[in-house]
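Data block below; observations after.
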Amino acid sequence: MLQKTFNRENRELTLAGLRKRNFPNAEAVIDEVISIDTSIRYSQDQRDQARANLKQLSNRFHTSTRAGDIAGLQGIKSEIEAQQLRLKFYEVELDRLEPNLNNLLYTIPNLPHSSVPAGRSADDNEVVLEHGEIPVLHEGAKPHWELIQGFGPNGTALIDFELGNKIAGAGFPVYRGKGARIQRAMINFFLDRALEAGYMEVQPPIVINEASGFGTGQLPDKEGQMYYATEDKLYLIPTAEVPITNLYRDVIVADGDLPIKNTGYTPCFRREAGSWGAHVRGLNRLHQFDKVELVRIEKPENSYAALEEMSLHVQKLLQELELPYRVLRLCGGDMGFTSALTYDMEVWSAAQGRWLEVSSVSNFETYQANRLKLRYRVERSAVAGKTQLLHTLNGSALALPRILASILENNQFLTEEGKIAIRVPKVLVSYCGFEVFD
RNA sequence: GGAGAGAUGGGUGAGUGGCCGAUACCAGCAGUUUGCUAAACUGCCGUACCUCUAAAGGGUACCGAGGGUUCGAAUCCCUCUCUCUCCGCCA
């Protein structure tokens with residue numbers, strides 16, 4: 001969430017940022033925040049003074065008791081009662097004000113970076129670059145959900161949605177044979193590339209508690225998107241971002257330990273409540289999918305260089321997979337709640353004839369760090385010795401299902417016998433051990 | 001699932017009603033001295049909010065969380081959460 005002090009000291013900047021996001025009633029909300037904050041600071045001051053007085057009175061009470069000064073005790077007692085009333089009043093006041101302020105702050109999204117374009121929807125996103133040739137497929141090329149039929153063991157489907165329905169439900173496919181092997185190949189390929197780029201691999205829990213959900217901003221507003229085990233009060237992770245970033249909750253990082261670069265493979269679970277239609281067919285949108293995630297913790301002055309580096313890392317993967325892609329800079333209206341700047345990477349799906357989002361890399365600046373209380377101690381500067389909030393970033397590198405969909409669709413070809421086969425990208429052959437799906 | 005123990009500052013670990021924001025040791029930082037794969041000594045060494053300032057300073061809170069008793073709580077009472085150990089089960 002946004003920092004209170006930032007809001008009150010930079011009202012105009014905050015408002016300008018919220019306007020770019022088309023945040024409704026920005027002025028009224030921010031003024032309310034500032035107003036509540038002012039009341040809180042006044043009440044806090046009154047409360048602290050009352051407490052300080054009580055402390056002194058209490059000591060006088062003690063010494064008078066020991067001196068046997070009965071008359072003095074009476075006077076002290078009435079002073080104590082007056083201060084207790086005052087204390088109680090402002091404590092009640094603060095108990096009322098503080099949740100109000102926090103609830104309000106939870107509703108305010110992060111401020112967009114200056115390079116974020118204005119706009120309301122995905123149509124207003126800025127295409128930063130396009131790379132690669134759009135493939136021209138043979139007559140009768142199929143979208144992946146048709147293509148997969150018959151490519152599994154013994155003529156079954158390579159990715160079996162029916163079987164998944166049986167044991168779990170819609171959106172939980174079963175990958176079998178080469179389908180399972182290509183998944184494992186991609187995970188290993190992505191992790192190896194992350195390691196080469198200097199990331200440290202972690203295997204976090206794939207369930208998280210409530211505090212972790214709040215730390216990265218999934219709670220309180222995106223509750224309905226996560227699976228929840230009521231008996232144990234645990235959420236299935238929607239992305240590895242949550243457990244990995246929360247490793248650093250309530251941590252003061254030593255200056256010398258920065259930057260922190262972590263990577264991890266996890267399954268991800270999303271309820272995707274409310275989505276429907278053609279765009280969710282096949283692998284396009286699942287309740288469970290696999291993803292390799294990058295998480296970085298950076299000093300403020302380095303975070304945007306880090307974001308560019310992550311973007312290039314993801315692009316390199318797509319180039320190695322020989323997939324045509326484009327990079328989008330999300331506009332204010334399409335950007336996630338907690339992000340300050342997001343690049344989306346989209347891969348061209350030839351048979352579906354549209355772009356599929358396969359990665360999203362974001363800089364959250366201090367928005368998550370503020371909730372996480374993730375700080376570092378500044379070593380050399382005017383404010384040396386003080387703690388300062390860090391910047392958090394993350395990105396998918398990569399999410400598997402749509403990559404697989406694109407590989408299947410873009411690489412299909414007709415064999416000499418006139419049958420459809422699918423070529424495995426060269427870079428994955430050594431990982432999966434076969435060159436074609438046939 | 002059953003039984004028991006515990007939660008204190010980066011770590012270990014004292015502290016059972018006021019002299020405790022907290023002893024001691026270790027780790028860390030700065031310095032002195034000797035001199036050399038290091039030792040000794042001295043000082044510093046938590047976080048947050050508020051206030052003030054050029055800087056220093058001042059106030060308050062925090063001993064797992066929340067409530068209660070009391071003029072006064074790390075310390076007494078209640079509730080909750082978490083961790084550990086043993087038994088059971090088990091990849």
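Order of the sequence lines fixes the chain letters, A, B, ..., with proteins taken first and strands second; residue numbering starts at 1 for each chain.
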Between [options], which nucleotide has the shortest distance from any of its atoms to the side chain of [X]?
| X | options | answer |
| --- | --- | --- |
| A:I252 | B:C71, B:U47, B:C49 | B:U47 |
| A:S58 | B:U51, B:U47, B:G72 | B:G72 |
| A:I80 | B:G59, B:C71, B:G18 | B:C71 |

If the [atom1] atom of [N] is compared with that of [M], how far apart are they to the nearest Å?
| N | M | atom1 | result |
| --- | --- | --- | --- |
| B:G59 | B:A7 | C1' | 30 Å |
| B:A24 | B:G43 | P | 11 Å |
| B:C77 | B:G18 | P | 16 Å |
| B:C36 | B:A27 | P | 23 Å |
| B:C44 | B:C49 | P | 25 Å |

Kindly say if [X] contacts the phosphate of [N], meaning a side-chain N or O under 4.0 Å from OP1 or OP2.
| X | N | value |
| --- | --- | --- |
| A:R375 | B:A48 | yes |
| A:Q84 | B:G72 | yes |
| A:T387 | B:A48 | yes |
| A:R60 | B:C71 | no |
| A:R8 | B:C50 | yes |

In whole Å, I'd like the distance from the [atom1] atom of [X] to the [atom2] atom of [N].
| X | N | atom1 | atom2 | result |
| --- | --- | --- | --- | --- |
| A:R51 | B:C62 | CZ | P | 7 Å |
| A:K55 | B:C19 | NZ | P | 9 Å |
| A:L85 | B:C71 | CG | C1' | 14 Å |
| A:Y376 | B:U47 | OH | P | 15 Å |
| A:N209 | B:G64 | CG | C1' | 14 Å |

> Base, sugar-phosphate, or nothing for A:L57, non-hydrogen atoms under 4.0 angstrom?
Replying inline: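 Here A:L57 touches no strand at all.
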>> Does A:L54 reach a base, just sugar-phosphate, or nothing at all? Heavy atoms under 4.0 Å.
In response: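 The residue A:L54 makes no contact with any strand.
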> Considering only heavy atoms from C-beta outward, does the side chain of A:T338 approach that of A:T216 to under 4.5 Å?
Replying inline: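 No, their side chains stay 4.5 Å or more apart.
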> Is there side-chain contact between A:Y248 and A:L372, with at least one heavy-atom pair below 4.5 Å?
Replying inline: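 Side-chain contact under 4.5 Å: no.
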> Quick check: are there more than 12 heavy atoms from other residues, nucleotides or ligands sitting under 6.0 Å from NZ of A:K222?
Replying inline: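 Yes, NZ of A:K222 has more than 12 neighbouring heavy atoms, counting only those of other groups under 6.0 Å.
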>> Tell me whether A:K299 forms a cation-pi arrangement with A:Y376, defined as NZ or CZ under 6.0 Å from the six-membered ring centre and within 45 degrees of its axis.
In response: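 Cation-pi check for A:K299 and A:Y376: fails.
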> Considering every strand shown, what is the Watson-Crick or G-U wobble mate of B:A14 when both distances are under 3.5 Å?
Replying inline: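 None - no nucleotide pairs with B:A14, as no candidate has both distances under 3.5 Å.
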> Salt bridge or not for A:E79 and A:R60, using N-O below 4.0 Å?
Replying inline: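 The answer is yes: the pair qualifies as a salt bridge.
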>> Can you tell whether the side chains of A:K426 and A:E322 come within less than 4.0 Å, N to carboxylate O?
In response: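 Yes, A:K426 and A:E322 are salt-bridged.
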> Taking the nucleotide of RNA chain B with the closest heavy atom to each, which residue, A:D232 or A:N53, is nearer the 5' end?
Replying inline: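 Whichever sits nearer the 5' end wins; that is A:N53.
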